[in-house]
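Have a look at the structure below before the remarks.
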2 protein chains.
Amino acid sequence: MSDLSAAHGETLDRAVQAIGARDYWSAYPEHPKAYGEEAPADGEAAFQELLGQPFDTGQDHDGCTVVEESSPYGIALGITYPSTTVDAVIADAASAMASWRHSAPRDRALVSLEIIERLSSISFEMAHAVMHSTGQSFLMAFQAGSPHALDRAVEAVAYAYTEQQRLPGPLRWEKPQGSRDPIVIDKEWIISPRGVAVTIGVSTFPTWNGYPGIFASLTTGNPVIVKPHQATVLPFAIMVRAAREVLSDQGLDPNLVQMIVDAPGALVAKDLVMRPEVGIVDYTGGSSFGDWLEANVPHAEVYTEKAGVNSVIMDSVVDLKGAFRNLSVSMTMYSGQMCTTPQNLFVPADGIPTADGMASYEDVVGGFVGAIDGLLGDDARASAILGAVKGQDALDRVEAAQSSGTVLSASRSIVNPEFADATVRTPAIVEVDATDKDVYMREMFGPVIYVVKTESREQSIELAREAALKSGAITWLAYATDESAIDSIVDAAVDGGVSVAFNLTGGMFVNQSSAFSDFHVTGANAAGNSSLTDPAFVARRFRVIGVRSEPAA
Amino acid sequence: MSDLSAAHGETLDRAVQAIGARDYWSAYPEHPKAYGEEAPADGEAAFQELLGQPFDTGQDHDGCTVVEESSPYGIALGITYPSTTVDAVIADAASAMASWRHSAPRDRALVSLEIIERLSSISFEMAHAVMHSTGQSFLMAFQAGSPHALDRAVEAVAYAYTEQQRLPGPLRWEKPQGSRDPIVIDKEWIISPRGVAVTIGVSTFPTWNGYPGIFASLTTGNPVIVKPHQATVLPFAIMVRAAREVLSDQGLDPNLVQMIVDAPGALVAKDLVMRPEVGIVDYTGGSSFGDWLEANVPHAEVYTEKAGVNSVIMDSVVDLKGAFRNLSVSMTMYSGQMCTTPQNLFVPADGIPTADGMASYEDVVGGFVGAIDGLLGDDARASAILGAVKGQDALDRVEAAQSSGTVLSASRSIVNPEFADATVRTPAIVEVDATDKDVYMREMFGPVIYVVKTESREQSIELAREAALKSGAITWLAYATDESAIDSIVDAAVDGGVSVAFNLTGGMFVNQSSAFSDFHVTGANAAGNSSLTDPAFVARRFRVIGVRSEPAA
């Protein structure tokens, strides 16, 4: 492993420092240009070669499985994946763990970092895979699919490594016995992995949400089985292929990382997680299956990131135009298909104070709708921001939303200049009354925005809090200048278990969370039971076995 | 809190250092003499004054509840406890949390340490309470009930404090944007307690097993409701009274620590833990209710310490007499009513090598039985070692064990010289065949020892491993001198998720685990899902809420 230490030892140590300091740091550049002139064309070519072919992850398989994968950009993917069974992947994972658990935590961290480095080298191939399976724009697919996801992966490796380093090495323990000889015992502690780890992928940000659990498990000695979302398989297939290549190159068992896919009509996740060998489940996706996992898999540690209803509280603003500019991006990027996208905008009926005097309710709502309409007025620019819509359910929700209140801006179809069959919709902006809780206090994933007219600051805060407590929430964004308003909002955010951002007008959007600094999801409300990444996310992925020995006389 | 910092700041810092170094340290002396000349008489008098009276914890109550508490020493306790309701304790706990969560982690740690110090000052009163409710001998009740339990409490405070200290204070985050201005965001993180914490006590070591969860929860900002075992109430009542006194003295809400007891025929634990306000459950006790908690309370973090089948592997011994001396104590102290007591002694039919040549199977078994019979030959000494048996179930198990194999030493009644009505039994030592798995691979809590005749070293190890995997295990003790035997046993222990001790012949017994050094229970098998105390035991007792703000222009 000495070559790996030379290659990644500094990164590991720097990452460990970063998770403590939490100031800005990144392991992988987010600018495509940093990857060299040939990388874009090479990556696209590699992606094109995958289309219409059986994908070889390097696993043993008994044929190819046709899956329900589809591209929101309307291109035919036509990729089939290795066919295997729950029995086979569980057996191969358990077998791989037997030797992996004996390796040193630092070596496991370095192997993880080598896989991450390999993944970085194929960032453009991954970008096309993420774009065409999730519907993200190319730039988002590049950034969120590789460098930002890989930063999250490095972060998880740093936490996993740090937690394992908290034990001392072998030592001699001496307990004084007054005038008699002390009791002397030699002690050491052995780290034991928790068991086979299963990652159940999400359809929208498979790598960004999936890597932390995968690399935390791997670094703590557990083998990983990835079960991608049935409609978004390719990014994980590429990840699994790369991981297995690195493991083989290092002389390790490639079955430490495996994939199993759903065949149409034959979902495997439940069978997989109910196997007693499974010790860890990482899940990102809808609340229904996440709730089921939390309640029905007591033999494993279950980490969930589910859905929530995110709120914007308009209370008082210095720069109203800046606020609209920021909101128009955060509420439309990737068509609201981020679990961090704000859904509800709470605006008091009496309007809000600004640096230029009071803005009436109508001013605020009009300005907000105008900013979004303006941003999306040009089809090419709109396409770059909106990406494409993944799945019929999101389109159905747009229709449902438009019949549930006053439509301030109707959703319309846009033609993507490059992909004529892409499914692109502007968001429906719908005004509802504060009392319409059944409408806006549930998640409407996709291009749906509710403007909620409230009686007061206090009601805005209380409704946001109620939505977080009832349906979960991952982000709040508040515009507030008054100290007592800020204090009230922070108190309500803590109550609701939701992180909050204030007064964003510039280049930071509330949807974004930065590895090594921001925690993604708090684990404190129904939006998920865990956080990317904190010590709690890794501390139970291994256990400690104590060995005590009385020294020979 | 400045007075508390002066009083306990050094202890806190020393404890934080101790949990990292894991060499010998203790916060409270285990020798009764260290507590002053008057402490023994004062403590006994305080205990005597409690008998036959309503116990006042200081809580609001609506009368007194008669409980099923009983003394294995046969004295009449006759104590009644404050009567309250689940609704009342939940409401008062939630109300107490509202301000407690705003206090600083270090202040919460110092308040916890002040409660612990108060508990130390009543160590003798507690010793009598523990002795007469659990059946422990006086010395064990003193040591395990107070100083060792308080060391475990200090350890939990140190972990809880350490975990909360891992976040930086408020900081300014700056992300470079090439030639443009950086993105600048002010960030801070707020610790939010998980929710109302419930501790469900055990009948045998209520304080030792209960304090870690109680003080970890309190230090991380959660209010605690203690639900003692219906048959062992008094130790927790004393603890709750002391905690509430300290909280009131500090101007804090005493309802941060409350107690609710079971009335006969009306157990409250299920109603209590199913309340949505409950965020944490700590449980020590039988596997049946522990398994239920793990499977049915998904809204809370559930920490369990349950039952297991502990093994002794006789493989090769230098000092066979020393081994017998050590085993005779560890397998009889407190009549096998420690969750760490070895139950099964695996001895190969071909005998084992010793420094004095081969010892035959008959030599080993005969020497072992003789050592126990000798140790317990004198009634007064036997009483001091055995304590008294808690509950009819344990006596029933003795009868069942004696009809399940060859009785090598029959259990007999002993008259305690001080308490004529005490229930004292020597252990039944029963020889069974390796194939009698139904008999010895389940926990027989109480004075029951099985000697299992095996075909070989390999079979001994495999059977111990199988028992750990099937029924859980907390301790293994092995006598082995051969390196390959030691390696095989360690491998099997890691497989079985059980800590192992080798070659104990002196003053350390396998039943004992020392705070700040040994982890109690691994969390890696069916004997429990958590460990006293590791970072995983505290990391999920709080969550972190991020607050981001764009600085004013």
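Numbered from 1 within each chain, the chains take letters A, B, ... in sequence-line order.
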- Quick check: does any side chain N or O of A:Arg548 sit under 3.5 Å from a backbone N or O of B:Val510, one acting as donor and the other as acceptor? yes
- Message: I'd like to know which of B:Ser549, B:Ala552, B:Ala539, B:Ala493 tops the heavy-atom pair count under 4.5 Å against chain A.
- Response: B:Ser549
- Message: Shorter than 4.5 Å, heavy atoms on both sides: which option in A:Val500, A:Asp319, A:Asn503, A:Val547 has the most such pairs with chain B?
- Response: A:Val500
- Task: Would you mind checking which part of A:Asp495 comes under 4.5 Å of any heavy atom in chain B, side chain (CB onward), backbone (N, CA, C, O), both or neither?
- Result: both
- Given a strict heavy-atom distance threshold of 4.5 Å, which part of A:Leu167 is in contact with chain B: side chain, backbone, both, or neither? side chain
- Item | Contacting region of A:Trp189 [heavy-atom separation from chain B under 4.5 Å] | side chain
- Query: So what's closer than 4.5 Å to chain B heavy atoms on A:Thr162: side chain, backbone, both or neither?
  - Reply: side chain
- CG on A:Asp23 to CZ on B:Arg172, rounded to 0.5 Å: 13.5 Å
- Task: Let me know if A:Ala21 has heavy atoms under 4.5 Å from chain B in its side chain, its backbone, both or neither.
- Result: backbone
- So which part of A:Asp181 gets closer than 4.5 Å to some heavy atom of chain B, the side chain, the backbone, both or neither? neither
- Which region of A:His102, side chain (C-beta onward) or backbone (N, CA, C, O), has a non-hydrogen atom less than 4.5 Å from a non-hydrogen atom of chain B, or is it both or neither? side chain
- Against chain A, work out which of B:Ile19, B:Val302, B:Ile185 has the most heavy-atom pairs shorter than 4.5 Å and name it. B:Ile185
- Note on the structure: Taken to the nearest 0.5 Å, the spacing of A:Phe542 CZ from B:Asp534 CG works out to 7.5 Å
- So, B:Arg540 side chain and A:Asn529 main chain: donor-acceptor pair closer than 3.5 Å or not? yes
- Query: Picking from A:Lys175, A:Glu294, A:Glu30, which has the most non-hydrogen pairs under 4.5 angstrom with chain B?
  - Reply: A:Lys175
- Top contributor to chain B contacts, counting heavy-atom pairs under 4.5 Å, from A:Val297, A:Asp186, A:Leu504: A:Leu504
- Query: Between A:Val184 and chain B, which part of the residue has a heavy atom less than 4.5 Å away: side chain, backbone, both or neither?
  - Reply: neither
- Item | Residue part contacting chain B, namely of A:Ile190, when any heavy atom lies under 4.5 Å | side chain
- Salt bridge or not for A:Asp518 and B:Lys187, using N-O below 4.0 Å? yes
- Looking at A:Ser517, A:Pro298, A:Gly506, A:Gly20, which has the largest count of heavy-atom pairs under 4.5 Å with chain B? A:Ser517
- Item | Closest non-hydrogen atom pair, A:Thr522 against B:Ile545 | CG2-CD1, 3.8 Å
- Look at B:Gly322, B:Ser499, B:Pro182 and state which one has the largest set of heavy-atom pairs under 4.5 Å with chain A. B:Ser499
- Message: Less than 4.5 Å to any heavy atom of chain B: does that hold for the side chain of A:Thr505, its backbone, both, or neither?
- Response: both
- Tell me, side chain or backbone of A:Arg180 under 4.5 Å from chain B's heavy atoms, or both, or neither? neither
- Task: Give, as side chain, backbone, both or neither, the part of A:Val494 having an atom under 4.5 angstrom from any heavy atom of chain B.
- Result: both
- Query: Counting N and O atoms only, with roles assigned by atom type, does the side chain of A:Arg22 sit under 3.5 Å from a partner on the main chain of B:Trp173, one being a donor and the other an acceptor?
  - Reply: no
- Task: Look at A:Gly523, A:Ser192, A:Gly178 and state which one has the largest set of heavy-atom pairs under 4.5 Å with chain B.
- Result: A:Gly523
- Given the options B:Gly279, B:Pro176, B:Gly195, B:Ala478, which has more heavy-atom pairs under 4.5 Å with chain A than any of the others? B:Pro176
- Query: Say you draw a straight line from OH of A:Tyr24 to CD1 of B:Ile183; how long is it, rounded to the nearest 0.5 Å?
  - Reply: 9.5 Å
